[in-house]
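What follows is a single structure, written as structure tokens, with notes after it.
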Amino acid sequence: MPKLLMDRFGRMHDYLRISVTDRCNLRCVYCMPEEGMEFEPDEKLLTFEEITEVVRVLAGLGVRKLRLTGGEPLVRKNLEQLIGMLSQIPGIEDIALTTNGIYFASRAEKLRAAGLTRVNISLDSLKADRFSLITRGGDIHRVLASIEEAYRVGITPIKLNVVLMKGINDDEIEDFLQMTIDRPIQVRFIEYMPIGHQDEDWKSRYLSLTTVLDRCKAKGWNASASDAVYGNGPSQNFRIDGALGSFGLIHPISDHFCETCNRLRITADGNVKPCLYWSDEFNVRKYIGDDSAMEDLFFRALDIKPQNHEMAQALMNEEQSHTPTLRRMSQIGG
């Protein structure tokens with residue numbers, strides 16, 4: 001009987017998120033400061049060969065699904081090569097990508113051919129000027145073109161990630177919901193999370209996702225819970241009656257999803273993070289080439305994984321059992 005990545009709370013971990021870079025071509029207001037970010041030099045990033053070795057070992061422990069993240073993963077050169085290498089590992093069934101969509105349209109066909117199965121595209125506004133403001137210079141037309149190209153090359157399902165911010169894009173909730181009625185797409189509304197920067201600005205922008213259901217009801221749309229969305233995501237999913245698509249709510253603060261967490265993360269510089277929010281990390285690079293030692297490393301990481309991230313308590317300055325991470329979201333990989 002093979003060993004499986006089961007933690008002390010009985011959660012089976014079959015999903016690995018791999019950050020391939022901490023760099024990004026945008027500077028979204030909730031993810032990075034406009035200036036002053038220091039990025040890892042290329043020699044500190046895990047090579048494609050190192051990433052493949054880690055995944056090969058984890059596939060033997062039950063990992064079946066991968067997600068490539070960043071930063072923006074498509075700023076990493078030749079990402080298609082890595083996807084091709086990972087797709088050849090026995091046991092790996094699903095390779096997804098989270099991207100801001102700026103570079104995706106021109107590479108979608110090659111990514112699909114290499115073995116990419118799914119894509120999540122960040123899109124925090126449907127208004128060009130507002131999108132540019134949130135991303136500090138992004139071109140929404142390139143993102144919309146990437147959505148169309150994903151459809152064309154047959155990458156499904158397509159998910160849109162919308163970080164909801166009070167006073168910035170909360171007046172577009174109905175527009176995003178309308179998208180799910182018209183197209184077979186999933187819009188995922190995400191609570192604004194203060195990863196790596198617990199400041200007062202976070203509190204002023206935070207909006208509970210119950211607002212989405214309230215707006216839906218106010219429009220006269222009947223939304224029912226849906227379990228027909230593929231993937232290991234943490235969203236609570238709904239479908240409006242008669243809609244071609246669906247929408248999801250990811251609310252780690254108001255109603256955290258930790259009890260069913262099945263994911264581990266590897267940062268671009270080779271650190272295993274059992275939990276997104278806490279600072280605990282284990283460097284994997286020195287164990288590459290020693291399968292047994294690497295397996296032990298991942299089991300040690302699981303042994304200290306908490307039952308939940310206690311984010312709400314941390315933000316209220318209540319007692320916590322771990323130390324919150326100082327890494328920005330772009331440095332972790334989401």
Side-chain angles (χ1 to χ4, degrees), residues 23-37 69-75 97-108 119-152 158-197 199-209 211-216 218-219 221 240 243 245 247-251 328-330 334:
R23 297 176 184 270
C24 189
N25 52 327
L26 299 179
R27 293 291 183 272
C28 296
V29 295
Y30 52 80
C31 187
M32 285 191 192
E34 187 169 8
E35 298 177 339
M37 284 293 294
T69 67
E72 168 50 45
L74 290 176
V75 305
L97 177 74
T98 295
T99 175
N100 61 35
I102 298 297
Y103 297 148
F104 184 78
S106 63
R107 297 171 65 177
V119 64
N120 288 25
I121 297 175
S122 296
L123 181 62
D124 298 313
S125 177
L126 296 171
K127 300 178 180 180
D129 56 345
R130 183 178 292 175
F131 179 83
S132 180
L133 181 68
I134 293 171
T135 59
R136 298 191 176 107
D139 181 355
I140 194 173
H141 301 292
R142 297 182 68 172
V143 182
L144 296 176
S146 289
I147 295 171
E148 298 306 317
E149 189 65 7
Y151 277 118
R152 190 189 72 79
I158 300 169
K159 296 180 181 180
L160 300 184
N161 291 342
V162 182
V163 176
L164 205 57
M165 294 169 282
K166 182 167 61 177
I168 295 182
N169 62 352
D170 54 318
D171 61 337
E172 296 187 63
I173 290 173
E174 292 88 346
D175 296 332
F176 279 110
L177 290 172
Q178 184 67 53
M179 286 184 72
T180 73
I181 295 174
D182 299 335
R183 306 198 69 171
I185 201 165
Q186 190 196 32
V187 173
R188 308 193 321 160
F189 296 99
I190 304 171
E191 279 184 337
Y192 186 19
M193 291 181 289
I195 299 295
H197 59 112
D199 52 33
E200 292 303 313
D201 183 63
W202 168 82
K203 294 180 182 178
S204 69
R205 298 303 183 196
Y206 172 77
L207 187 69
S208 172
L209 296 189
T211 304
V212 176
L213 295 175
D214 292 341
R215 299 279 185 88
C216 193
K219 287 286 289 186
W221 292 328
I240 295 171
F247 68 93
L249 307 179
I250 301 178
H251 30 66
R328 292 271 182 165
M329 188 71 84
S330 60

inquiry  = For Phe189 and Leu177: C-alpha separation, side-chain torsions, deciding distance, then whether side-chain contact (heavy atoms from CB on, under 4.5 Å) applies.
reply    = CA-CA 10 Å; Phe189 296 99; Leu177 290 172; 3.9 Å; yes
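Inter-residue side-chain proximity for Leu133 and Ile168 is flagged as unmet; no heavy-atom pair is nearer than 4.5 Å. The shortest side-chain heavy-atom distance between Val29 and Tyr192 does not fall under the 4.5 Å cut-off. The shortest distance between side-chain heavy atoms of Asn100 and Thr135 does not fall below 4.5 Å. Ile140 places a side-chain heavy atom less than 4.5 Å from the side chain of Leu123. Under the 4.5 Å side-chain criterion, counting only non-hydrogen atoms from C-beta, Arg183 is in contact with Tyr151. With a 4.5 Å cut-off on side-chain heavy atoms, Ile134 and Val163 do not count as touching. Side-chain contact check for Trp221 versus Gln178: some heavy-atom pair is nearer than 4.5 Å.
Of the possible donor and acceptor atoms, none in the side chain of Ser132 sits under 3.5 Å from a partner among the backbone N and O of Asp129. When atom types are taken as modelled, the side chain of Asn169 and the backbone of Met165 share a donor-acceptor pair closer than 3.5 angstrom. For Thr180 (side chain) and Phe176 (main-chain N/O), no donor-acceptor pair under 3.5 Å exists by modelled atom type. Between the Arg136 side chain and the Met32 main chain, a donor and an acceptor come within less than 3.5 Å of each other.
Pairing each heavy atom of Glu191 with each of Tyr206, the nearest pair is OE2-OH, 2.8 Å. Across Ser122 and Val143, no two heavy atoms sit closer than the pair O-CG1, 4.0 Å. The two residues Asp124 and Asn161 make their nearest non-hydrogen contact at OD1-O, 3.6 Å. Between Ser146 and Ala105 the shortest heavy-atom distance is OG-N, 3.0 Å. The shortest non-hydrogen separation linking Asp170 to Leu164 is CA-CD1, 4.1 Å. Here the closest heavy-atom approach between residue Ile181 and residue Ala243 is recorded as CA-CB, 3.7 Å.
Scanning for side chain to side chain contact (heavy atoms under 4.5 Å, CB included) contacts around Thr99 gives Glu72, Leu74, Leu97, Phe104, Val119, Ile121, with sequence neighbours left out. Take Arg130 and apply the salt bridge (charged side-chain N to carboxylate O under 4.0 Å, His left out) test, not counting sequence neighbours, and it matches Asp171, Glu172. Scanning for salt bridge (charged side-chain N to carboxylate O under 4.0 Å, His left out) contacts around Arg27 gives an empty result, with sequence neighbours left out.
Within the model, atoms CD1 of Ile173 and CG of Leu207 stand 6.0 Å from one another, a figure rounded to the nearest 0.5 Å. Separation of atoms CD1 (Ile250) and CG (Leu209) is listed at 8.5 Å; rounding is to 0.5 Å. Distance CD1/Ile102 to NE2/His141: 11.0 Å, rounded to 0.5 Å. Interatomic distance, Lys159 NZ to Arg188 CZ, rounded to the nearest 0.5 Å: 5.5 Å. The line from NZ of Lys166 to OG1 of Thr211 is 9.0 Å long, rounded to the nearest 0.5 Å. Atoms OH and CD1, from Tyr30 and Ile190 in turn, are 7.5 Å apart once rounded to the nearest 0.5 Å.
For Lys219, the NZ atom sits in a loose shell: 12 or fewer heavy atoms of surrounding residues, nucleotides or ligands are nearer than 6.0 Å.
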